[in-house]
Amino acid sequence: MARYDHRAIEAKWRERWERDGIYEIDVDGAQRPFYNLMMFPYPSAEGLHIGNVFAFTGVDIFGRYMAMRGYDVFEPFGHDAFGIHSENFALKQNVHPMTLIRNNINNFRGQMKQLGTRIAWSHEVDTTDPAYYRWTQWIFLQLFKHGLAEKRLAPVNWCPSCKTVLADEQVIDGHCERCSSEITHRSLEQWFFKITSYADRLLKNLDWIDWSEVVKTAQRNWIGRSEGLEMSFPVEGSEESISFFTTRPDTIFGVTFMVLAPEHPLVERITTSDRRAAVEDYVAQAMRKTAVDRQTMERTGVFTGAYAVNPLNGDRVPVWVADYVLITYGTGAIMAVPAHDERDFDFARQYDLPIKVVVAPPGWSGGELSGAYTGAGVLVNSDEFDGIESKAAAEAIIAKLERDGSGKHQVTYRLRDWLISRQRYWGTPIPIVHCQACGPVAVPEEQLPVVLPYVEEFRPTGTDKSPLASVESFARTTCPSCGREARRETDVCDTFLDSSWYYLRYPSTEYDDRPFDAELTKKWLPVSNYIGGKEHSVLHLLYSRFVTMALHDMGFLEFEEPFQRFRAHGMLILRGAKISKSRGNIVTPDEYFESHGADTLRAYLMFAGRYEEGGDFSDQGIEGVYRFLNRVWDLVQRYRAQEAAEGPLPIEAQRLVHRTIRKVTEDIGELKYNTAIAALMEYSNDLQHRPALNSEEVRTFLLLLAPFAPFMAEELWEQIGGAYSIHTTSWPQADEELAREQEVAVAVQIDGRTRDVIQIAAGSDEEAALQRARESARVQRHLDGKRVVRTIYVPDRLINFVTASEG
RNA sequence: GCCGGGGUGGCGAAACGGUAGACGCGGCGGACUUAAAAUCCGCUGUCCCGUCAGGGACGUGUGGGUUCGACUCCCACCCCCGGCACCA
């Protein structure tokens, strides 16, 4: 009997599938389109690691299943190859990123083919290819033309080690996401996309899109909508007034001081001359601080010498500057209510400022507070609003202020505009020309792409300029509008822009005159099934939604949400740590391809635990899955050698076939691959013990196995004379009638303890079941001397005799 | 601190409020073998009683609760993982 030789079989089918193009698809002619998308990876030099393999296998299984269900499954793949990652690595290796990336991509493609994915390679994209980034630039221009992109001076996060600006999301705990250096602040001219104009819609649509709840929650928090009051207090003896936002208008009578962020423009204008030196000193110091310092150091601040007046009660309150107030949120200024806000309370303690209670804490008897009371309650010391409960008072106060025009109900978001500019080399050039006369001018669309020049010296300059700024042949140009000499924008785009639209590109890769074809887009999008890691919950996924929404509003897309269904897979970790190059714990699939084969690796990774949970990778147990596949192999060899004509499938065997079909089908639909594989194992264990095998069973088994172990399933399918290819053969249909059990095991409990298990006919009525239960000797023994006061009957499941406690 | 997700045998894990531990790893015993590997068969949550047959108690992070019945629902708490974090 031939042994299972995974190397030979996998090589054989890899070649044949590729030659026949069975995973390619007629994107124009498809009748039942199903767009199955996996998050494209950054093609690192190390190649695919086990975490990628885990993620992609789960997507591929779903795609294979849907294809067998009769859908025209389009499963593309690409490379998110721009960015600091490659650039830093290229610098270290002293290779040009262009060379490096080309090699890496070839390597990735090879590994994905080895893994046995059903990818339509003719639609591959590479974000660093001018044919791709031409359209990234086109998207930039559309946003620019519609007023959604603008350049403005902004305080930015600066990583002194990567020598670049980072988006807020790329700053983790005040440290650079990539190199962990501490972040400092700078003020630079930067391009922004106004994602904040879409905050409300981005939030609202979360109510109906079919996404993993985790991701929706993360996005809701990230958008951070809050409602409250916006108003301003005039500054005494000046024309200025300080506008602020608060979610607690009910505490407005408790304001005892105000605070401006150090960067606030009013600081300079209202500071009194005697305080100027101290204030300037403080502001300079605050700007120098790193994000970490700002967070961990104790409350600091300085008095400006100015006073503001609370128009509600005429209170004169001092105006301070303190770095616990952020310029990036709300108006960059606050009304401080120390009695009812912890930060304000701490600050008031620190600088001996008054604390005035205006919301009575429960059981409060008018004494001093030992800490801020931030809960709701009944108002005191608030004039006409005394005695009203917080919520009603807040509404009443807003209403009053709106009536006299001095304040208004306001919604504020935590979400900030998307900072696009990067002062680096390895990215999509921003397609803008700066003209002395005309200002920033869009590069005409017919002149795209603005090609990223090949530059030997691509090292970051350490200034606030991109290396492209010193490439005269690139930077010097003429203004598309007035024809005078002008300079190109030399910053490049954040890589999140590259990945914010790639799913729009895949179906249309054959067109080089448009980013995405209208007809194809209509046919294939929104994406039917998108699976990726939760680490992209708020970055990639939110930006993609924004770009899609904006393109929708411009009339380019009919839908406003790009991903109909999104599921987050779990993260595979290694010995408790995230798998990453920097941790030096990369495990590649290659050794497993060699030792056990792709089929075993795929099935093992999916079997080890829940796909949506992830877990700690260890190859303990991979032998078990390998043994399973070997048993399947041997089983089919035995079937082929079988001489006797097969009889009809016995009823018990038929039942198992249909129960397994049902179980595997349901589980794949819910991405519960681990239990689907367990069901296949149970099935094969049963087949193992049959004296003879029946063709229906063997065929069905192979069909169910196909998504998990595509190579072996194909090989065995051929061996039993199945028509090529198993992967285009229909998924088996469970017959509910046949799947139904005739006899069921019913647990018999006395007072909730199982005392016996009886076999009775499925669907027995209560009377019959109880009678059978009482016949059991064990049950009788336990019931002896007891009085049954109640019986519970759960059909086909259990019987519970409840006895009187006194016996 | 806030928001998610978890905590079940030696290990990875299953389990519509209804027989906890499916499936697999590991371990133990056996068959085959000169022997070993591979393969196959059986056993394998803990404790107690029993020579066997068998029987019993306990058991899903901790403590309460609801229920005939709780891994599952409710309340309080502990621990681990992930994300966010001075957001006014």
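Letters go in sequence order (proteins before strands), and every chain restarts at 1.
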Would you say [N] has OP1 or OP2 under 4.0 Å from some side-chain N or O of [X]?
X	N	result
A/Arg414	B/A85	yes
A/Arg797	B/U19	yes
A/Arg627	B/G26	yes
A/His782	B/G55	no
A/Arg778	B/G55	yes
A/His340	B/A88	no

Would you mind telling me which of [options] lies closest to the side-chain atoms of [X]?
X	options	value
A/Arg631	B/G24, B/G4, B/A88	B/G24
A/Leu798	B/C84, B/C68, B/U19	B/U19
A/Ala678	B/G5, B/A22, B/C84	B/A22
A/Ala608	B/G12, B/C23, B/C25	B/G12
A/Thr675	B/C40, B/G5, B/A15	B/A15
A/His689	B/U19, B/C23, B/C41	B/C41
A/Arg781	B/G55, B/C23, B/C86	B/G55
A/Glu682	B/A22, B/A14, B/G24	B/A22
A/Ile792	B/G6, B/G18, B/A14	B/G18
A/Ile334	B/C23, B/A88, B/A14	B/A88

What nucleic acid atoms does [X] come within less than 4.0 Å of, heavy atoms only: base, sugar-phosphate, or nothing?
X	value
A/Arg220	nothing
A/Val794	base
A/Ser226	sugar-phosphate
A/Asn221	sugar-phosphate
A/Asn674	sugar-phosphate
A/Asn685	sugar-phosphate
A/Arg755	sugar-phosphate
A/Gln749	base
A/Ala745	base

Note to self: Below 30° counts as parallel, above 60° as perpendicular, anything between as tilted: where do the rings of A/Trp320 and A/Tyr351 land?
What the structure shows: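 A/Trp320 and A/Tyr351: tilted rings.
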Measure the distance from [atom1] on [X] to [atom2] on [N] and round it to the nearest whole Å.
X	N	atom1	atom2	value
A/Asp667	B/A14	CG	C1'	11 Å
A/Arg638	B/C40	CZ	P	12 Å
A/Lys534	B/G6	NZ	P	9 Å
A/Leu572	B/G82	CG	P	14 Å

Note to self: Just by distance, no angles: are the side chains of A/Tyr413 and A/Thr196 close enough, under 3.5 Å, to form a donor-acceptor pair?
What the structure shows: no
Check: Any luck finding a side-chain donor-acceptor pair between A/Tyr4 and A/Asp634 under 3.5 Å?
Finding: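 Side chains of A/Tyr4 and A/Asp634: no pair found under 3.5 Å.
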Item checked: Considering all heavy atoms, the nearest A/Ser232-A/Ser241 contact -> OG-OG, 3.8 Å
Watson-Crick or G-U counterpart of [N], or none if no pair lies under 3.5 Å:
N	result
B/U39	B/A31
B/A57	B/U46
B/C84	B/G1
B/C73	B/G65

Next item on the list: Could you check A/Thr246 against A/Met571 and say which one's nearest nucleotide on RNA chain B is further toward the 5' end?
Entry: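 This one resolves to A/Met571.
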Item checked: Residue closer to the 5' end of RNA chain B, A/Val625 versus A/Val802 (nearest nucleotide) ->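 Looking at the nearest nucleotide for each, A/Val625 comes out on the 5' side.
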Note to self: Less than 4.0 angstrom from a charged side-chain N to a carboxylate O is my criterion; do A/Asp210 and A/Lys216 meet it?
What the structure shows: no
Notebook entry, point to check: Less than 4.0 Å between a side-chain N and a carboxylate O, is that true for A/Asp341 and A/Arg248?
Noted result: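 No, this pair does not count.
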If you measure from the [atom1] atom in [N] to the same atom in [M], how many Å do you get, rounded?
N	M	atom1	result
B/G21	B/G10	P	15 Å
B/A22	B/A14	P	13 Å
B/G27	B/U19	P	32 Å
B/C73	B/C16	C1'	14 Å
B/U8	B/G59	C1'	10 Å

Check: Just one of A/Arg655, A/Arg659, A/Arg662 clears the salt bridge (charged side-chain N to carboxylate O under 4.0 Å, His left out) bar with A/Glu736, so which one?
Finding: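 Looking at A/Arg655, A/Arg659, A/Arg662, the match for A/Glu736 under the salt bridge (charged side-chain N to carboxylate O under 4.0 Å, His left out) is A/Arg662.
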Note to self: Using only atom types and a distance under 3.5 Å, with no angle test, would you say the side chain of A/His569 pairs donor to acceptor with the backbone of A/Ile531?
What the structure shows: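 Side chain of A/His569 to backbone of A/Ile531, a donor-acceptor pair under 3.5 Å: no, none is there.
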Checklist line | Assigned glycosidic conformation for B/G9 [threshold 90° from 0] | finding: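 Syn.
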